[in-house]
Amino acid sequence: MTTSTSKYQYICNDPEKCVGCQFCEYACSFNKTGSFNVYRSRIRTVRAHEIVAASITCRTCEDAPCVLACPRDALTQDAETGVIHVDAERCDGCAWCVEACDFGAISINPGTKRAEMCDQCADNEEGPQCVKWCPKGALELTTPDRRAQKARHELILEEVTAAKK
Amino acid sequence: MFGYSGKILHIDLAKRKSWVEPKAEPWYKTYIGGTSMATRLCWENIEAGCDPLAPGNPICIAGGLFAGTPVPVGGKWGIASKSPLTGFIADSLSGSWFAVALKRSGWDGIVIHGASPDWVYILVDDDVVTFRPASHLLGKGTFATEEAIREELGDDQVRSATIGPAGEKGVLYANVTNDGRQAGRTGHGAVWGSKKLKALSVRGTGDVKVADPETLLKLALDISKTAQGPYTEKYRVLGTASNVLNMNRLGLLPTRNYQEGEFEHAESISGEYLKEHHAVKTVACAGCPIACEQMRRVNDGPYTGAMSGIEYESLYAVSSNLGIGDVRVAIKLIELCDQGGMDSMSGGVTLGWAMETFERGVFKKEDFKCKKYPEGFEPNFGNGEAAVALCEMIINREGIGDLLALGTRKASAKVDAERGSETYKWAMHIKGLENPGYDLRGLKTFALGASVVPRGGCHNRSAAYDVDISGEADRFSVDEKRGALAKDSEEYAAVYDTLPLCKFIRRCFTGKADRAGAWPVIAKLINATTGWDMGYDDVDMIGVHCITIKKAFNIREGWTRKDDHLPWRTQHEAMTKGKSANCMVTEKELEYMKDQYYEAKGWTKKGLIPKEQLVKLGMEDLAKEIGV
């Protein structure tokens with residue numbers, strides 16, 4: 001099981017809520033390319049089984065393996081946000097970062113032959129468009145720690161409600 | 001052109017070749033997509049009068065105008081052939097990622113001709129077509145086939161429409177499945193099987209270019225937000241299974257092969273019960289913000305682990321209609337149908353006919369011999385074990401399953417000819433397609449609507465039950481308005497089926513589902529996609545064109561007025577219980593309403609289309625062939 005121990009925010013999907021509709025992919029590809037092409041989306045929906053649907057994007061790992069793997073030092077990680085930047089001048093599309101990513105969150109743009117990944121819509125004032133668009137509220141910009149807090153909180157609330165009954 | 005590529009892909013299975021046919025804008029403006037375009041492709045490419053299972057019957061696939069764009073519930077595609085069940089038009093829709101892949105592959109439609117000598121599946125890889133051997137996929141269920149193809153091609157973006165064992169063996173109501181959804185009715189799976197086509201796989205990597213992406217996105221976002229509110233709550237929470245108790249209250253829930261309309265175990269097969277005891281997850285078709293597909297699982301008993309998406313129309317057919325009150329059996333039966341690649345509605349209604357035929361003594365225990373039960377078994381209403389055994393026998397065409405695979409019309413005709421019986425009296429079909437989950441005896445307007453639908457017994461192509469149930473029309477009597485109401489309902493539904501958009505979104509445009517509420521927003525969606533300048537009347541015409549091409553297809557295949565009929569039972573036997581007791585639709589009432597309907601359509605008394613009207617609709621080539 002792959003894990004991320006990041007302190008950084010990332011876009012997290014709740015598979016209980018996700019219905020696999022792909023709206024996140026449309027929002028992403030439109031924001032980044034101006035067209036509707038889910039192949040160019042930096043968040044990818046997976047329907048692996050009749051009832052399993054979720055979408056996955058960059059987890060902003062600490063000591064990100066993609067950054068370490070890049071032989072041309074084209075990838076750098078923002079120390080404050082954890083977002084990975086691709087230097088299009090240096091990147092030659094070798095795809096070592098794609099191989100290094102445990103989450104399958106990186107792809108090579110077939111047009112530019114450069115690596116692409118989620119930057120949490122750094123270029124859009126409204127923030128991540130996939131989060132804004134998700135009709136089921138399944139996506140959230142959060143950190144693993146905040147997720148854990150929330151899980152604990154929800155668990156306790158559930159127990160209390162059950163006890164009251 | 002925006003929203004279209006302007007190209008139709010033709011594939012010949014016998015000659016192993018493919019070619020491109022360009023189409024011009026006026027053609028698209030008339031036929032748009034979905035069932036209308038698929039039917040038009042079938043009109044252009046079929047050898048008229050051919051046997052539906054002969055190579056001359058093409059598989060015609062049409063994309064959705066909004067597939068591959070963020071327009072909510074637009075991820076749909078349409079398919080048409082000549083139906084092996086009805087001999088008339090077979091048109092179905094399905095919502096899925098296959099629709100999106102098809103759109104991105106750059107084809108507005110695909111026509112598959114001929115028949116292959118060996119089992120194959122076709123891969124459409126953007127603009128490259130390859131024929132791949134499929135004998136190793138035979139016997140695999142629908143979902144397993146999709147998985148196996150994805151694995152084989154090493155790409156999870158490949159989307160496949162497949163048939164299951166039922167299609168391979170030519171069950172006449174076998175269907176085509178993709179992403180767990182079905183182009184369910186009228187027997188497309190049997191047509192695919194007759195061509196030895198196991199699957200059509202598509203990889204589409206292109207952009208979908210629309211005229212005004214920003215406007216489209218904004219409209220889509222608004223509709224998607226509205227779709228999280230009260231207008232779709234029914235679908236999101238319980239799914240269509242919420243209809244069970246409503247129909248039961250109205251005395252319209254088909255029970256024991258439509259003998260009654262009220263089921264004593266309705267509670268235990270209801271959407272509410274399913275949610276409380278069997279809920280697993282809710283999933284959506286591609287690009288759908290509603291998500292109505294309620295996955296339900298069996299947690300105990302002999303069918304533990306069985307799981308399926310439960311829709312009302314599948315559910316009534318295999319539970320109340322078979323007198324089965326144990327919903328676990330229903331989940332199992334629907335799973336068998338879905339994985340086996342067979343229409344659960346026609347399957348359920350055919351099982352109902354078999355059970356009644358047994359109870360009335362025409363079938364005997366020994367008619368039901370099979371490997372599992374060498375002495376045969378007794379399929380009384382309510383016998384879940386027998387229903388499951390029979391369902392498996394149909395999929396494999398084992399024993400009496402071979403007969404039941406023909407559907408109620410052909411099976412009853414065969415039995416009656418061989419045994420001198422009158423089982424046609426409880427064969428619940430219209431034009432050979434098994435009836436939906438509304439007893440027509442208590443819904444006079446819908447009885448007309450269903451009888452005239454080109455593809456046969458169906459709840460989707462006509463929604464005339466709306467006016468009956470809402471009280472706009474008196475559902476127990478007939479007046480002079482029914483023809484116009486049936487016409488309006490059918491043409492309204494045809495707009496959605498042609499774009500196609502799922503009808504569950506119909507109230508989310510403005511809060512009002514009627515034409516005034518929906519058409520202006522739909523026009524905006526079409527215009528932002530295509531750059532056209534469509535208005536209210538143009539949207540309305542989409543439905544008129546759709547019905548016209550379907551009807552024209554049927555006329556060329558030999559349709560006459562008597563083909564717009566009702567099941568014998570609907571006309572001759574009243575229910576004894578519930579709120580729709582003592583009702584029938586008499587021959588006189590039906591013929592009176594048909595007169596009204598043909599008149600409202602501007603057709604002749606015989607139900608044929610005047611040349612003049614076809615020319616006025618811009619369908620001159622139809623006028624030459626079938627106009628009067």
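Below, chains carry the letters A, B, ... as their sequence lines are ordered, and counting in each starts from 1.
Heavy atoms of other residues, nucleotides or ligands lying less than 6.0 angstrom from CG of A/Asp123 number more than 12. At most 12 heavy atoms of other shown residues, nucleotides or ligands fall within 6.0 angstrom of atom CZ in B/Arg297. Around the NZ atom of B/Lys209, the shell of radius 6.0 Å holds no more than 12 heavy atoms that belong to other residues, nucleotides or ligands. For B/Lys503, the NZ atom sits in a packed shell: over 12 heavy atoms of surrounding residues, nucleotides or ligands are nearer than 6.0 Å. Heavy atoms from other residues, nucleotides or ligands lying under 6.0 Å from CH2 of B/Trp532 number more than 12.
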Practice task
I would like to know whether B/Lys103 and A/Phe36 meet side-chain contact (heavy atoms from CB on, under 4.5 Å); could you show each step before the answer?
Solution key: CA-CA 11 Å; B/Lys103 186 80 175 192; A/Phe36 302 123; over 6 Å; no
Practice task
Apply the test side-chain contact (heavy atoms from CB on, under 4.5 Å) to residues B/Leu221 and A/Lys132: give CA-CA distance (whole Å), side-chain angles for both, the deciding distance (0.1 Å), then the verdict.
Solution key: CA-CA 10 Å; B/Leu221 190 53; A/Lys132 180 186 165 194; 4.1 Å; yes
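Looking at every heavy atom in both residues, B/Trp97 comes nearest to A/Gly20 through CZ2-O, 3.2 Å. Here the shortest heavy-atom pairing between A/Arg47 and B/Val283 reads NH2-CB, 4.4 Å.
Side-chain contact between A/Pro135 and B/Ser224: present, with at least one pair of heavy atoms (C-beta onward) separated by less than 4.5 Å.
Using non-hydrogen atoms only and a strict 4.5 Å limit, the part of residues 23-33 of chain A facing chain B consists of A/Phe23, A/Tyr26, A/Phe30. Contact annotation for residues 146-155 of chain B against chain A (heavy-atom separation below 4.5 Å, listed by residue number): B/Glu147, B/Asp155.
Comparing B/Gly309, B/Gly75, B/Gly180, B/Gly206 by how many heavy-atom pairs each has under 4.5 Å with chain A, the most go to B/Gly206. Among the candidates B/Cys288, B/Pro72, B/Ala291, the residue making the largest number of heavy-atom pairs closer than 4.5 Å to chain A is B/Cys288. The residue among B/Thr282, B/Val210, B/Val100, B/Thr69 with the most heavy atom pairs within less than 4.5 Å of chain A is B/Thr69. Interface summary for chain A: among B/Glu214, B/Lys225, B/Gln228, the most heavy-atom pairs under 4.5 angstrom belong to B/Gln228.
Between the CD atom in A/Glu16 and the NZ atom in B/Lys281 there is a gap of 7.0 Å [rounded to 0.5 Å]. How far CZ of B/Arg104 is from CG of A/Asn37: 6.0 Å, rounded to the nearest 0.5 Å. Here A/Ile51 contributes atom CD1 and B/Glu293 contributes atom CD; the two are 12.0 Å apart, rounded to the nearest 0.5 Å.
Residue B/Val208 touches chain A through both its backbone and its side chain, counting heavy-atom pairs closer than 4.5 Å. Contacts between B/Arg203 and chain A at a heavy-atom distance below 4.5 Å involve the side chain alone, from C-beta outward.
Under the 3.5 Å distance criterion, the side-chain polar atoms of A/Lys136 are matched with a main-chain donor or acceptor of B/Ile290.
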